[in-house]
Amino acid sequence: MIYYKTAEEIVLMREACLLVGKAHAAAASLLKPGMTTMQVNDIVEQFILDNGGKPSFKNYHGFPAATCISMNEAVVHGFPGEHVLKEGDIISLDIGIFKNGFHGDSAYTYAIGEVPEEIKRLLSVTKQSLYLGIAKAVAGNRVGDISNAIQEFTEKKHGYGVVREMVGHGLGRNLHEDPQVPNYGKKGSGPKLKPGMVIAIEPMINMGVKEIIHLNDGWTVLTKDRKPSAHFEHDVHITKGDPDILTSFEEIEFAEKNNPNLTWSYF
Ligand code: MG
Ligand code: MG
């Protein structure tokens, strides 16, 4: 079921979505080698609670933490623990916040210290693909137009693997609503985009093969070939005009540029 949001609901939802970027920035300004992933999680969780939100992911279908933290070859749905960040790691942080009766959901992949050129390229291409997908997120287009833009750029142009099993999604009062928003597909296919829809667009792009495996911790998804994977996610409100991005990377990128322990994933 697709739930269309009123203008008043978008105001409330935007506030939840913008808080997600601020929670990211709180962590991004502090990321450094030697931190554990649980410390990263705790910074984010405390920030969410201090700002009147609730972590959307905690206990969602039994998920054990406030954030999803997926390192290196982990694609998504990793959870924090005693793993220590080190130079050369990439860490995908996915944050969901419930506030004002609505969820915001945004992911960003950070590079700790210096990372190899091929990893910088993976991050840059994945992030670019998100914006190429967003550019198609306007009323009158179909979901497949978004999917196709992401796949063409990442898979056809750059030879990366596009994860098939996990996809973007509608969101609002529920963390996951219809429609599904795959990162692969045909132009002109799938549900029609209409004003008032809000969708999370979230390319999950593997440096190597597209296949994944599930770790026996019940959650973490890894690349089958154990090569790195990147993940960036925005929540986008469909209008008759330009795509309205409810989340923001502005504060994240500011923190990333100003933290000497991070490599900026600019493009
Ligand atoms: Mg999502
Ligand atoms: Mg997410």
Side-chain angles (χ1 to χ4, degrees), residues 2-3 5 13-14 16-28 37 40-41 44-45 47-48 53-71 74-80 90-99 102-110 123 126-127 129-131 133-134 137 143 146-147 150 162-184 191 197-206 212 219-221 229-238 243 245-249 251-252 265:
I2 296 174
Y3 296 95
K5 281 77 181 173
M13 190 165 179
R14 192 185 307 276
C17 290
L18 288 176
L19 193 56
V20 180
K22 293 179 196 298
H24 263 283
T37 51
V40 178
N41 176 80
V44 173
E45 185 167 12
F47 181 90
I48 295 171
K54 280 207 291 199
S56 304
F57 304 159
K58 201 170 189 178
N59 300 321
Y60 184 77
H61 295 292
F63 188 73
T67 62
C68 292
I69 297 187
S70 309
M71 307 284 306
V75 180
V76 286
H77 302 168
F79 54 88
I90 56 171
I91 167 175
S92 142
L93 179 59
D94 195 351
I95 301 176
I97 299 181
F98 184 72
K99 188 175 179 177
F102 289 91
H103 293 274
D105 179 15
S106 181
Y108 200 94
T109 304
Y110 303 92
L123 297 180
T126 304
K127 196 170 169 187
S129 78
L130 169 59
Y131 289 103
I134 289 172
V143 168
I146 300 171
S147 309
I150 295 170
V162 174
V163 173
R164 300 299 200 269
E165 292 83 347
M166 281 150 318
V167 297
H169 51 93
L171 79 166
R173 295 197 183 275
N174 307 293
L175 180 58
H176 294 113
E177 296 178 357
D178 287 335
Q180 294 199 338
V181 185
N183 298 304
Y184 60 95
M197 284 171 74
V198 179
I199 53 174
I201 302 176
E202 49 177 319
M204 291 159 250
I205 307 299
N206 300 343
I212 54 161
W219 288 103
T220 311
V221 174
S229 183
H231 183 206
F232 290 86
E233 176 182 29
H234 268 314
D235 303 336
V236 183
H237 165 217
I238 307 297
I245 306 176
L246 298 180
T247 41
S248 172
F249 287 165
E251 284 151 293
I252 300 174
S265 60

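Indexing begins at 1, ligand by ligand and atom by atom, following the structure's order.
The six-membered or imidazole ring of His234 lies near that of Tyr131, with a centre-to-centre distance under 6.0 Å.
For Asp94, every N, O or S atom stays at 2.8 Å or more from the Mg ion (ligand 1). Residue contact annotation: Glu202 places no N/O/S atom under 2.8 Å from the Mg ion (ligand 2). Here His169 reaches the Mg ion (ligand 1): one of its N/O/S atoms is less than 2.8 Å from the metal.
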Output, in order, the C-alpha distance, side-chain angles, deciding distance and verdict of side chain to side chain contact (heavy atoms under 4.5 Å, CB included) for Thr109 and Phe232. CA-CA 6 Å; Thr109 304; Phe232 290 86; 4.0 Å; yes

Run the side chain to side chain contact (heavy atoms under 4.5 Å, CB included) check on Phe57 and His103 step by step: do they pass? CA-CA 10 Å; Phe57 304 159; His103 293 274; over 6 Å; no

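Taking the Mg ion (ligand 2) as reference, Glu233 places its N/O/S atom OE1 nearest. The atom of Asp105 that is an N, O or S and sits closest to the Mg ion (ligand 1) is OD2.
In summary, the side chains of Asp235 and Thr247 do not present any donor paired with an acceptor at a separation below 3.5 Å, with no hydrogens or angles considered. Residues His231 and Glu202 have side chains that bring a donor and an acceptor to within less than 3.5 angstrom of each other.
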